[in-house]
Amino acid sequence: MNKTSVKKHNICVIGAGYVGLVAAACFSKLGHKVVCVDNNLDKISALRKGKVPNYEPGLDLIIKNSVRKSLLYFSDSIQSGVKQAQVIFLAVGTPSRPNGEADLTALEKVAFEIAKNLDSYKVIVEKSTVPAQTGIKIKKTIQRYAKKNIEFDVASNPEFLREGSAVSDFLKPDRIVIGVESKKAEGILRSLYSGIKAPLLVTDINTAELIKHASNSFLATKISFANALSLVCEKTGADIDKVSQGMGLDQRIGKGFLKAGVGFGGSCFPKDVDAFIHLSKKVGYDFKLLTEVRNINRQQRMRFVEKIKEELWILKDKVIAILGLSFKPDTDDLREAPALYIIDMLKKEGAILRAYDPQALLKAKKILDKVELVDSPYKAIKGADCLALITEWDEFKNLNFTKIKKSMRLPLIVDGRNIYDRKHLEKLGFKYIGMGR
Ligand code: NAD
Ligand code: UGA
C-alpha cells in the first residue's frame with residue numbers, strides 16, 4: 001500500500017453492514033475521509049460508541065484508528081452524507097425474493113434519497129451485488145428525482161471480499177473491477193484505489209455487474225462439483241480431499257473452492273446463484289447448470305443428516321452435539337448457514353440438540369429454539385451420541401479426543417468438513433464418518 005500517492009477524496013458509504021463497514025474502514029485507512037451511513041439507529045449508535053456490530057478480524061482496530069484521526073465517522077443521515085461526499089457507495093442489502101430474484105427495494109430507496117439531496121457532481125457507485133442492468137435503473141431513478149442540471153455518474157464497483165478475511169481481501173484484492181460510463185468517473189475511481197496494488201479492470205457497467213454474479217456462481221459451481229464428486233468417491237472408495245488436491249494442482253483448475261462438505265451457505269452464494277438463475281431466465285436462458293449447483297448444495301446437507309441417521313437409526317431422544325453454527329469460520333454470520341438447515345432436519349427427527357460456536361452464539365440465541373446453546377465444545381459433547389462437526393473453526397481442530405471419548409455416550413463423529421484424521425480417531429476408539437472419504 002502506497003499512502004503518499006493516494007489522492008484524498010470525501011466518500012460516503014451507505015450501508016454499515018458486512019461490506020459497507022469494511023469498505024468505509026478500509027477507504028479511511030487509505031487516507032480518504034469517509035462517512036458511513038445506515039438507517040439502523042442502533043447500529044450507528046453502537047458504532048459511535050466504538051462497538052463493531054459484526055465479528056470481523058482486524059476491523060475494530062482500523063475503525064478505532066480512523067475515528068481517532070477523524071477520517072471516519074458514522075451517521076444516520078443520507079442527506080448530510082451525500083452533501084459532503086464526491087463519491088457515494090451503495091452497500092445496502094440485495095436479498096432474495098421468494099422467486100429467487102434480487103430484491104432491490106433498499107437500493108431504489110437510497111437512489112431516491114441521493115437524488116433528492118444531489119447538489120453537485122458526484123459518482124454514485126454500486127458496491128452491493130446486483131443483476132446486470134441495475135445501474136441503468138439507478139441512473140434513471142436519480143435523473144427522475146434529482147434537481148435539474150446536476151451532472152452525476154453511476155458506476156459499478158463489485159466487491160469480492162469474503163467474510164472472515166474481509167479486511168485483507170479488501171486491501172489486497174486479486175483484482176479491482178470498475179464499470180463506468182465516463183472518463184471522469186473512471187479517473188475518480190482509479191485515484192480512490194491508487195493506494196492498493198492490484199490489477200484494475202475497467203468495463204462498462206453491465207459487464208462489471210455481470211462479472212460479480214458470474215464469479216460467485218462459478219465459485220459455487222466449483223464447490224458443488226466437489227460435493228457431487230464426494231458422493232462418487234464414497235461409492236468407489238476414493239478420497240475426495242486427495243481428488244480435489246490432485247485436481248487443484250493443475251493451475252488451470254486452481255485449488256480454491258474445491259473443498260467438499262456440508263455445502264455452501266452465507267448471505268451471498270445462495271442468493272447470488274438464485275438471482276443469476278432468475279436474471280438468465282428473464283433474458284431467455286434456462287441456466288440448468290446453476291439449478292443443479294443449487295440442488296447439489298441442498299442434497300449435501302441432507303446427506304450429512306442421513307449419515308447420522310444411518311448410524312443412530314432412530315434420532316428421537318438421541319443427543320447430538322453440534323460444533324459450529326456460523327456459515328464458515330471466523331465470522332458470526334448465520335445467514336443461510338448449513339447448520340441451521342441441519343438443525344431443522346434433526347429437530348424434526350426429535351433429536352436433542354446441544355450446540356457451540358466460538359462467535360455466533362449471541363446471534364444464534366435470537367433465532368434458534370429447542371437447541372441448548374453452551375459455551376464450550378466439551379459441554380456440547382458431554383453425554384452425546386454423536387459429535388456433528390459443521391463449521392471448521394480452528395478451535396475444533398485440536399480438541400482433546402481422549403477426554404471426549406470418555407465423556408460421550410457413543411463415540412461417533414460425523415465430520416461435515418473433513419477436518420479430522422480418521423486413523424487417529426479410530427485408534428482412540430471412535431467411529432468416524434466424513435464426507436466423501
Ligand atoms: P448487510 O445486511 O450486512 O448490510 C446492509 C446494511 O444496509 C444494513 O446495515 C442495513 O441497515 C443498511 N440499510 C438498508 N437500507 C438502508 C437505507 N435505506 N439507508 C441506509 N442504510 C440502509 O449486508 P452485506 O452483507 O453488507 O451486503 C451488502 C451487499 O454487498 C449485498 O448486495 C451483498 O450481496 C454484497 N456483498 C456482500 C459480501 C459479504 O461478504 N457479506 C461480499 C461482497 C458483496
Ligand atoms: C463469497 C465469495 O468468496 C466472495 O468473493 C464474495 O465477495 C462474497 O461471497 C459475496 O459476494 O458476498 P463468503 O460468502 O464470505 O464470500 O465466504 P466464502 O469463503 O466464499 O464461503 C462461502 C461458503 O462456501 C461457506 O459456507 C463455505 O463453507 C463454503 N465453501 C467454501 C465450501 O463449502 N467449500 C469451499 O471449498 C469453499
- Message: Donor-acceptor check, side chain of K222 to backbone of G254, threshold 3.5 angstrom: yes or no?
- Response: yes

- Message: For D239, is there any backbone N or O sitting under 3.5 Å from a side-chain donor or acceptor partner on R437?
- Response: no

- Query: Could you give the distance from CG (L72) to OG (S66), rounded to the nearest 0.5 Å?
  - Reply: 5.5 Å

- Message: Applying ring-ring contact (aromatic ring centres under 6.0 Å, His included), can you list everything that pairs with F304, at least two apart in sequence or on another chain?
- Response: none

- Message: If the threshold is 4.0 Å, N to carboxylate O, is there a salt bridge linking D274 and K271?
- Response: no

- Item | Value rounded to 0.5 Å, distance of CD in E181 from OG in S156 | 11.0 Å

- Got a second to check how far I142's CD1 is from D153's CG, nearest 0.5 Å? 10.5 Å

- Message: Less than 4.5 Å apart, side chain to side chain, heavy atoms only: is that true for E56 and I62?
- Response: no

- Task: Let me see the working for K347 and D369 under salt bridge (Lys or Arg N to Asp or Glu O under 4.0 Å), right down to the final yes or no.
- Result: CA-CA 10 Å; K347 267 202 295 204; D369 66 338; 3.1 Å; yes

- Look at E186 together with K183 and state whether they make a salt bridge at an N to O cut-off of under 4.0 Å. yes

- Is the count of non-hydrogen atoms from other residues, nucleotides or ligands lying under 6.0 Å from K172 atom NZ greater than 12? no

- Message: Using modelled atom types and a 3.5 Å cut-off, is there a donor and acceptor pairing between side-chain atoms of T94 and backbone atoms of V130?
- Response: no

- Is it true that atom CG of D250 has more than 12 heavy atoms of other residues, nucleotides or ligands lying nearer than 6.0 Å? yes

- Per side-chain hydrogen bond (donor to acceptor under 3.5 Å, both in side chains), T331 is matched among E163, R162, Q359 by E163

- May I ask you to test the S182-E151 pair for a side-chain heavy-atom distance under 4.5 Å? no

- Query: Taking side chain as C-beta onward, heavy atoms only, is S267 less than 4.5 Å from Y18?
  - Reply: no

- 4.5 Å side-chain heavy-atom contact, C386 and V414: yes

- Query: Under a 4.5 Å cut-off applied to non-hydrogen side-chain atoms, are L325 and L361 in contact?
  - Reply: yes

- Separation between CD1 (I188) and OH (Y121), nearest 0.5 Å, reads 4.5 Å

- Item | Side chain proximity check, K307 to M435, heavy atoms < 4.5 angstrom | yes

- Fit a plane to each ring of H9 and H32, take the angle between them on a 0 to 90° scale, and name the class: parallel (under 30°), tilted (30 to 60°) or perpendicular (over 60°). tilted

- Item | R417 side chain vs I390 backbone, donor-acceptor pair below 3.5 Å | yes

- Query: Hey, is the main chain of D119 close enough, under 3.5 Å, to the side chain of K83 for a donor-acceptor pair?
  - Reply: no

- Message: How about NZ on K147, more than 12 heavy atoms from neighbouring residues, nucleotides or ligands closer than 6.0 Å, or not?
- Response: yes

- If you measure from CG on N227 to CD on Q300, what distance do you get to the nearest 0.5 Å? 3.5 Å

- How about F218: does its CZ atom have over 12 heavy atoms from other parts shown lying under 6.0 Å from it? no

- Specify whether F27 and F170 have parallel, tilted or perpendicular ring planes, treating 30° as the upper limit for parallel and 60° as the lower limit for perpendicular. perpendicular

- Establish, from distance only, whether the side-chain atoms of N295 and E292 form a donor-acceptor pair under 3.5 Å. yes

- Answer yes or no: is there an ion pair linking K51 with D60, defined by an N-O contact shorter than 4.0 Å? no

- Query: Is any side-chain N of the basic residue among E234 and R303 closer than 4.0 Å to the acidic one's carboxylate O?
  - Reply: yes

- Task: Decide yes or no for L192 and N157: does some side-chain heavy atom of the first lie under 4.5 Å from some side-chain heavy atom of the second?
- Result: no

- Task: Sequence neighbours left out, what passes salt bridge (Lys or Arg N to Asp or Glu O under 4.0 Å) with D333? Give chain and number order.
- Result: R335

- Task: Kindly say whether V293 contributes a backbone atom to a donor-acceptor pair with the side chain of S224 at under 3.5 angstrom?
- Result: yes

- Out of curiosity, D344 CG to K370 NZ, how far, rounded to the nearest 0.5 Å? 10.0 Å

- Message: Which label fits F287 and F276: parallel for a plane angle under 30°, tilted from 30 to 60°, or perpendicular past 60°?
- Response: tilted

- Salt bridge present between E113 and K116 (N-O < 4.0 angstrom): yes

- NZ (K281) with more than 12 external heavy atoms under 6.0 Å: no

- Item | Side-chain donor or acceptor of E159 paired with backbone N/O of L161 under 3.5 Å | yes

- Query: Within a reach of under 6.0 Å around CG of L201, are more than 12 heavy atoms found that belong to other residues, nucleotides or ligands?
  - Reply: yes

- Between N10 and K33, do the side chains contain an N or O donor and an N or O acceptor separated by less than 3.5 Å? no

- Message: Under a 3.5 Å distance rule, please check whether T141 uses its side chain to pair with a backbone N or O of F112 as donor and acceptor.
- Response: no

- Message: Are there over 12 heavy-atom neighbours, none belonging to N398, within less than 6.0 Å of that residue's CG?
- Response: no

- Candidate list I433, I381, L387, test side-chain contact (heavy atoms from CB on, under 4.5 Å), partner I413, passing option: L387

- Do N297 and R294 have side-chain atoms, one donor and one acceptor, less than 3.5 Å apart? no

- If you draw a 6.0 Å radius around NZ in K139, do more than 12 non-hydrogen atoms from other residues or ligands fall strictly inside? no

- Query: Any side-chain heavy atom of F89 sitting closer than 4.5 Å to one from C12?
  - Reply: no

- Message: Can you tell whether the side chains of K282 and E101 come within less than 4.0 Å, N to carboxylate O?
- Response: no

- Query: Under 6.0 Å between ring centres, would you say that holds for Y432 and Y420?
  - Reply: no

- Query: Once the angle between the rings of F257 and F269 is folded into 0 to 90°, is it parallel (under 30°), tilted (30 to 60°) or perpendicular (over 60°)?
  - Reply: perpendicular

